[in-house]
Amino acid sequence: MLIESFYFIAAAVAVGALIQGTTGMGFALIVAPVMGLLEPSLVPVTLLILMLPLNAVVAWRERAAIDFRGSSWITLGRLFGTFGGIAVLFWLPLSQLNLLIGLSTIAACLATWLAPVFVPGRYAFVSTGVITGITETATGIGGPPLALVYQHSPVATLRGSVALCFLVGEVVSLVVLAAGNHLHMDQLPPLLWLLPPLAVGLAASHWARKVLDDARLRRFVLLFAFVSGLLLLFQ
């Protein structure tokens, strides 16, 4: 990795960790485009590995507020979606995948903005898990569906539940990617260099999360999902 590329990626990792540690999402949306532009070989494997300690810390920090029932249904759907993501990597051009995900995310945001407050049920959780499994395994980005399904939940519940879902899902994705020979030793050195900026951003989020309320979180969730959909369309 070029030293100039490292500085930009490290800055993105620190900012992404700060935002995800504060809101429960946003790391992949910030880091994936930077990695994809400067060091495409780091996506999705290095991105997924970096998210393991990040989400482990957030899930532990918010463990008292986690929605274990919803997370379990999401994880079930996520298992099926992971294999769909592997199939997508082999059969669907990334441009077409981005177009599909981007349009679906934007449509979901608009529908959600107009819809009344809702309490997600089993089918909503399972379908969210399937979609997340496909998108995160194929592109490293899986936050928008999880953000939308938990948007009416308390801040701590969203952060903890999404982190737990991410954590389990990332392990599954990495196992499947390893079985498909997508993990290589040359991905390890840049990963080790990026752990310190990850720790800095996560430490800063410990303070920043205390100033976020439910109303601000919901606005951020919708804006986050909408922007991610637009980025995927223009990528």
Side-chain angles (χ1 to χ4, degrees), residues 1-58 85-86 88-89 92-99 101-102 105 135-144 147 162-163 166-167 169-171 173-174 176-178 180-209 220 223-235:
M1 183 191 301
L2 296 174
I3 190 66
E4 294 85 357
S5 299
F6 169 76
Y7 286 134
F8 281 109
I9 294 174
V13 166
V15 173
L18 168 61
I19 292 177
Q20 179 139 341
T22 304
T23 67
M25 68 213 73
F27 183 81
L29 177 63
I30 293 169
V31 179
V34 178
M35 281 187 174
L37 180 63
L38 299 178
E39 291 289 338
S41 62
L42 300 181
V43 181
V45 173
T46 301
L47 182 64
L48 289 170
I49 296 176
L50 282 172
M51 293 177 72
L52 290 176
L54 172 62
N55 287 307
V57 171
V58 174
I86 293 293
V88 165
L89 284 173
L92 188 65
L94 185 58
S95 59
Q96 294 184 21
L97 173 66
N98 288 344
L99 183 64
I101 297 171
T105 301
T135 60
E136 191 175 16
T137 303
T139 68
I141 299 175
V162 170
F166 270 141
L167 183 61
E170 285 147 13
V171 171
S173 291
L174 286 168
V176 174
L177 287 168
N181 199 31
H182 289 283
L183 269 64
H184 309 285
M185 288 302 295
D186 58 357
Q187 295 163 329
L188 184 60
L191 173 67
L192 296 177
W193 282 106
L194 291 171
L195 288 176
L198 181 81
V200 170
L202 186 55
S205 75
H206 184 72
W207 170 83
R209 69 192 178 99
F220 173 83
L223 180 61
F224 158 74
F226 187 80
V227 170
S228 68
L230 287 178
L231 287 177
L232 286 170
L233 289 182
F234 289 107
Q235 205 170 51

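Residue Ser173 comes nearest to Leu48 through the heavy atom pair CB-CD1, 4.1 Å, listed as atom of the first residue, atom of the second, then distance. Scanning all heavy atoms of the two residues, the minimum distance from Met51 to Ala28 falls at SD-CB, 4.3 Å. Closest heavy-atom contact between Pro44 and Leu177: CG-CD1, 4.3 Å.
By the 4.5 Å heavy-atom criterion applied to side chains, Asn55 and Phe27 are not counted as neighbours. Counting heavy atoms from C-beta on, the side chains of Trp207 and Thr22 never come closer than 4.5 Å. Considering only heavy atoms from C-beta on, Leu202 comes within 4.5 Å of Ser205 through its side chain. For the pair Leu42/Leu47, no side-chain contact is recorded, criterion being any heavy-atom separation below 4.5 Å from C-beta on. A 4.5 Å side-chain heavy-atom check between Val34 and Val13 finds every atom pair outside the cut-off. Between Glu39 and Phe6 the shortest side-chain heavy-atom distance does not fall below 4.5 Å. Looking at heavy atoms from C-beta onward, Leu50 lies in side-chain contact with Met35 at the 4.5 angstrom threshold.
Expressed to the nearest 0.5 Å, how far CZ of Arg209 lies from CG of Leu18 amounts to 12.5 Å.
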Under the side-chain contact (heavy atoms from CB on, under 4.5 Å) rule, what do Val58 and Val162 come out as? Steps first, then yes or no, please.
CA-CA 9 Å; Val58 174; Val162 170; over 6 Å; no
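When each of Leu191, Val31, Ile9 is paired with Thr46, the side-chain contact (heavy atoms from CB on, under 4.5 Å) condition holds for Leu191 and for no other.
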